[in-house]
K.L.:
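I have a structure here, written as structure tokens, and I will follow up with some questions on it.
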Protein chains: 2
Amino acid sequence: MLDVAKAANVSVATVSAVINGSAPVSPELRSRIEEAIQVIGYKRNAIARSLKLGTTRTVGLMVADITNPFFTDVVAVIQDVLHRAGYAVMLCCNDEDVEMQDEQIELLIDRSVDGLIIAPAGDDETLKRIIAGANLPTVLIDRLLDGIDTDAVVLDNRRAVHDATLYMLGLGHRRIGYISGSLETSTGRERLAGYKAALEAAKLPYEDDLVRIGNFREKDAYKATMQLLTSTERPSAIFSANNLMVIGVMKTIRDIGLKCPEDVSVASFDDFPWADVFQPHLTTIAQPVQAIGEQAAQLILDRLSGKSPAAPRRLVLQGRLMIRESCRPVSLTPRAIA
Amino acid sequence: MLDVAKAANVSVATVSAVINGSAPVSPELRSRIEEAIQVIGYKRNAIARSLKLGTTRTVGLMVADITNPFFTDVVAVIQDVLHRAGYAVMLCCNDEDVEMQDEQIELLIDRSVDGLIIAPAGDDETLKRIIAGANLPTVLIDRLLDGIDTDAVVLDNRRAVHDATLYMLGLGHRRIGYISGSLETSTGRERLAGYKAALEAAKLPYEDDLVRIGNFREKDAYKATMQLLTSTERPSAIFSANNLMVIGVMKTIRDIGLKCPEDVSVASFDDFPWADVFQPHLTTIAQPVQAIGEQAAQLILDRLSGKSPAAPRRLVLQGRLMIRESCRPVSLTPRAIA
DNA sequence: TTGTACGCGTTATCAC
DNA sequence: GTGATAACGCGTACAA
């Protein structure tokens, strides 16, 4: 900038005024400066600017698992919206690992991001302390944190699973296996609560034997399903609490020599783009990923520009049950082999 | 830092020495300073540090489409490796949009990233000028840029498609439709070249009618396949040049009332985690995503630490043909309807 | 309207 | 072994 000032025979203050339009500058000087900028190929240094202004125009985005298509879609939308608003996004994913998560959030804060968008891996005390301590605009997505009261956009998980379970119940299923996500997450807890609520509404008992923890991962779900399907009284249907796990569920069914939906009905949280192309066409709960991403980005943008109300805003969106062909009436399902 | 210095009754220089271990400090002063740091809750400002040191310990990662599971996996690995090395990653995805891409790369450079990892959307002159002008450590992944001679890790696309085509040829298929990616990308061109080479090896003519451009997107591939499948002499097999497009291919087949592999065989570039769980089990070319991500991260890390050789390193990995059930011998395929 | 000078928080260089 | 001080590049009072 000094070079530009010299070349144009003006002071740095004037150059700065031209670049930022922060003060009126006479046309002749303006054009002389603009030319000098071209010639020198000057580019303003964002680091120095950040140091002075105390803002980086960067937001940290941390999700538990970017390999999960749900998060991928949300991240893509967020990045897009934020980019259009002139913000860069720093991405971290921790593979659902709570310790890694703490490290990463520190890294983000250390880099002086202006705000944080987080889909936390677990309800971790350290994480919560760090977030509270950072005192940054924060929006939680997908998963809430107990005791952290910030902007957030989440799904009505309870209701979505409640409805899906009711649907399976309506098909006559009485023993519905449930592969749960980690109960350390709000989604894990809320989805399970929806399952329980539906059972209760149908005046059916809740059986511990029918629910297994799959931690939102394919591998764990595989094992969990294996236990369910090889138990003495095999369930006639299985609900998977997310997309990754349903693949594990299907693998188990295949490995055990069963067929879906002939032998066991399956439904799952999270939709797939290919769900109605490959067999069996999976019945799923579709999340409004586009809306989730857009809302989250907008929430942080509003906070950043100071035009949010003081009170945190909590957006709750609804899922949509996509009924396809992976669930069939229990009357068409052969009785479980003891 | 000034506060810490005051509290501990030392100079800022000494505090800095303690924090960075850049100079020997007497034990008593050291402990006094460390205590002050604790009490004040001091954290070193990375922005100021960057300004002084000229390094941000951040690398920019730009991929054409993070929604594509292939890129997602690679991004996840890169982020992981880089994080462990103390680097943050700034992510940009441009939805295969060349103009957006230019904007984003500018944004990244503007933020003073230390290095760049790029899977370019297209072979764009502006992009190349920007990259060359930035003079930053750069590694290209997946897709090469004509005339840009940097570190890179790519697949042997030509050979992979060549082998896959040969496989289909070996099944007796003579009219193999080819849904191509954008020819603006090196992967688009190389994969098509592999197809042509296989045809030539089999002494079969290359027919323009059989190849359609799908631009790596599901929608375009849908239309392209529709043209192929409704033409007077329908191909008995189709190869899709990536994962997103094969979904479009399958949708067309379904919508037209055909069956895979009964009526038309299908194979595709890029593997899916669920490929052997849902029907038809897709025959694909699996890319070593883990290795690609690790190598790319390592290349940039080496460059950043200055221990790379001056000459750019170009890593070429091999794909693996996963033969499953979506291709069958042409003798079992009913003759195309005129 | 324009220029000067200072401060943002670090680190490196040099005296002591 | 420790302290003073000059950069890093920018924005902005304040003075002219």
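Only this structure's heavy atoms are used, side chains among them; waters, hydrogens and symmetry mates stay out. This one's a predicted model, so the numbers in the text were calculated from it and none came from an experiment. In what follows, chains carry the letters A, B, and so on, assigned in the order in which the sequence lines appear, proteins first and then strands, with residues in each chain numbered from 1.
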K.L.:
What is the separation between atom CD1 on Ile37(B) and atom C1' on dG9(C), rounded to the nearest whole Å?
P.N.:
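It works out to 14 Å between those atoms.
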K.L.:
Between the side chain of Asp65(A) and the main-chain N/O of Asp95(A), is any donor-acceptor distance below 3.5 Å?
P.N.:
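Such a contact is absent between Asp65(A) side chain and Asp95(A) backbone.
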K.L.:
Are Thr14(A) and dT2(C) close enough that a side-chain N or O sits under 4.0 Å from OP1 or OP2?
P.N.:
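No.
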K.L.:
Which is more 5' along DNA chain C, the nucleotide nearest Ser22(B) or the one nearest Leu51(B)? Just name the residue.
P.N.:
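So the residue in question is Leu51(B).
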K.L.:
Of the listed nucleotides (dA4(D), dT1(C), dG11(D)), which one gets closest to any side-chain atom of Ala13(B)?
P.N.:
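From the listed options, dA4(D) comes nearest.
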K.L.:
dG9(D), OP1 or OP2 - any side-chain N/O from Arg44(A) closer than 4.0 Å?
P.N.:
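The answer is no; no side-chain N or O of Arg44(A) sits under 4.0 Å from OP1 or OP2.
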K.L.:
Any carboxylate oxygen within less than 4.0 angstrom of a Lys/Arg side-chain nitrogen, looking at Arg111(A) and Glu106(A)?
P.N.:
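The answer is no: the pair does not qualify as a salt bridge.
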K.L.:
Reading DNA chain C from 5' onward, which residue's closest nucleotide shows up sooner: Val12(A) or Glu28(A)?
P.N.:
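Mapping each residue to its closest nucleotide by heavy atoms, the 5'-most match is Glu28(A).
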K.L.:
Scan the side chains in residues 2-23 of chain A for donor-acceptor partners under 3.5 Å anywhere in the protein, sequence neighbours excluded, and list what turns up.
P.N.:
| residue | atom | partner | partner atom | Å |
| --- | --- | --- | --- | --- |
| Ser11(A) | OG | Ala13(A) | N | 3.3 |
| Ser11(A) | OG | Thr14(A) | N | 3.4 |
| Ser11(A) | OG | Thr14(A) | OG1 | 3.2 |
| Ser16(A) | OG | Asn20(A) | ND2 | 3.4 |
| Asn20(A) | OD1 | Arg44(A) | NH1 | 2.8 |
| Asn20(A) | OD1 | Arg49(A) | NH1 | 3.3 |
| Asn20(A) | ND2 | Ser16(A) | O | 3.3 |

K.L.:
For dT2(C), take OP1 and OP2 only and decide whether either is under 4.0 Å from a side-chain N or O of Ser26(A).
P.N.:
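Answer is yes, contact under 4.0 Å.
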K.L.:
To the nearest Å, how far apart are Met1(B) CE and dT5(D) C1'?
P.N.:
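Between C1' of dT5(D) and CE of Met1(B): 13 Å.
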K.L.:
Looking at Arg49(B), does any N or O in its side chain come under 4.0 Å of the phosphate oxygens OP1/OP2 on dT11(C)?
P.N.:
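Looking at the OP1 and OP2 atoms of dT11(C), one of them is under 4.0 Å from a side-chain N or O of Arg49(B).
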K.L.:
Between Asn20(A) and Ala23(B), just flag the one whose closest nucleotide in DNA chain D comes earlier from the 5' side.
P.N.:
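Mapping each residue to its closest nucleotide by heavy atoms, the 5'-most match is Ala23(B).
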K.L.:
For residues 103-115 of chain A, which residues have at least one heavy atom under 4.0 Å from DNA chain C?
P.N.:
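Result for residues 103-115 of chain A: none.
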K.L.:
If you measure from the Lys or Arg side-chain nitrogens to the Asp or Glu carboxylate oxygens, is any gap between Lys128(B) and Asp124(B) under 4.0 Å?
P.N.:
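Answer for the salt bridge query: no.
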K.L.:
Does any donor-acceptor pair link the side chain of Lys52(B) with the base of dA7(D) at a separation under 3.5 Å?
P.N.:
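A donor-acceptor contact between them is present.
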K.L.:
Can you tell me if Gln298(B) and Asp302(B) form a side-chain donor-acceptor pair at under 3.5 Å?
P.N.:
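Short answer, yes.
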K.L.:
Please report, rounded to the nearest Å, how far the C1' atom of dG3(D) is from the NZ atom of Lys6(B).
P.N.:
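The answer, rounded to whole Å, is 15 Å.
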K.L.:
Taking the side chain as C-beta and beyond, is there a heavy-atom pair between Thr185(B) and Asp123(B) under 4.5 Å?
P.N.:
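They are not in contact (no side-chain heavy atoms under 4.5 Å apart), so the answer is no.
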K.L.:
Using a strict 4.0 Å threshold on nitrogen-to-oxygen distance, state whether Asp151(A) and Arg303(A) make a salt bridge.
P.N.:
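Salt bridge between Asp151(A) and Arg303(A), a charged N being under 4.0 Å from a carboxylate O: yes.
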K.L.:
If you look at every strand shown and take non-hydrogen atoms under 4.0 Å, does Leu53(A) touch a base, only sugar-phosphate, or nothing?
P.N.:
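The answer is sugar-phosphate, as Leu53(A) gets under 4.0 Å only of primed atoms, P, OP1 or OP2.
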K.L.:
Rounded to the nearest Å, what distance is computed from the NZ atom of residue Lys43(B) to the C1' atom of nucleotide dG9(C)?
P.N.:
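Result: 16 Å.
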K.L.:
Using a 4.0 Å heavy-atom cut-off, does Ser16(A) contact any base of the nucleic acid, only the sugar-phosphate backbone, or nothing at all?
P.N.:
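It contacts base atoms.
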K.L.:
Taking atom C1' of dT12(D) as reference, at what distance in whole Å does atom CD1 of Ile19(A) sit?
P.N.:
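In whole Å, dT12(D) C1' lies 14 Å from Ile19(A) CD1.
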K.L.:
Please report the distance, rounded to the nearest Å, between CD1 in Ile47(B) and P in dG7(C).
P.N.:
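So the two atoms are 21 Å apart, to the nearest Å.
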K.L.:
Take the protein atom CG of Leu2(A) and the nucleotide atom P of dC8(D), then report the distance between them rounded to whole Å.
P.N.:
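Answer to the nearest Å: 9 Å.
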K.L.:
Would you mind reading off the distance between Ile33(A) atom CD1 and dG3(C) atom P, rounded to a whole angstrom?
P.N.:
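Whole-Å distance recorded here is 8 Å.
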K.L.:
Could you tell me whether Leu29(A) contacts a base, only the sugar-phosphate backbone, or nothing, with contacts defined as non-hydrogen atoms closer than 4.0 Å?
P.N.:
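Here Leu29(A) touches the backbone only, sparing every base.
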K.L.:
So do Ile300(B) and Tyr87(B) actually touch side chain to side chain, heavy atoms under 4.5 Å?
P.N.:
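Not in contact.
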